[in-house]
Amino acid sequence: MERKETNWNRIGLAAAVVLVPGGFLLGAALLARRYRQKNPVEAPLPPEASEQR
């Protein structure tokens with residue numbers, strides 16, 4: 001039996017398809033976290049809550 005040569009292009013494509021979307025999600029999560037820490041904003045009270053005061 002002869003051993004077939006490894007197809008690195010196919011392996012690279014499979015790795016990109018599997019890993020890249022996770023990297024985008026992780027990057028977006030880290031960016032959102034940093035943005036929230038840098039600019040803390042208090043949520044406005046809903047109209048019903050402000051009427052009760």
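Note that the coordinates shown come from a computational prediction; the quantities given were computed from them, not determined experimentally.
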* Each residue besides L25 in its hydrophobic cluster should be listed here, by chain and number; the cluster joins Ile, Leu, Val, Met, Phe, Trp and Tyr at side-chain heavy-atom distances under 4.5 Å. => none
* Asked: Quick one: side-chain contact (heavy atoms from CB on, under 4.5 Å) partners of I11, sequence neighbours excluded?
  -> T6, W8
* Which residues share a side-chain contact (heavy atoms from CB on, under 4.5 Å) with N9, sequence neighbours left out -> N7
* Asked: Excluding sequence neighbours, so at least two apart, what forms side-chain contact (heavy atoms from CB on, under 4.5 Å) with V20?
  -> A16, F24
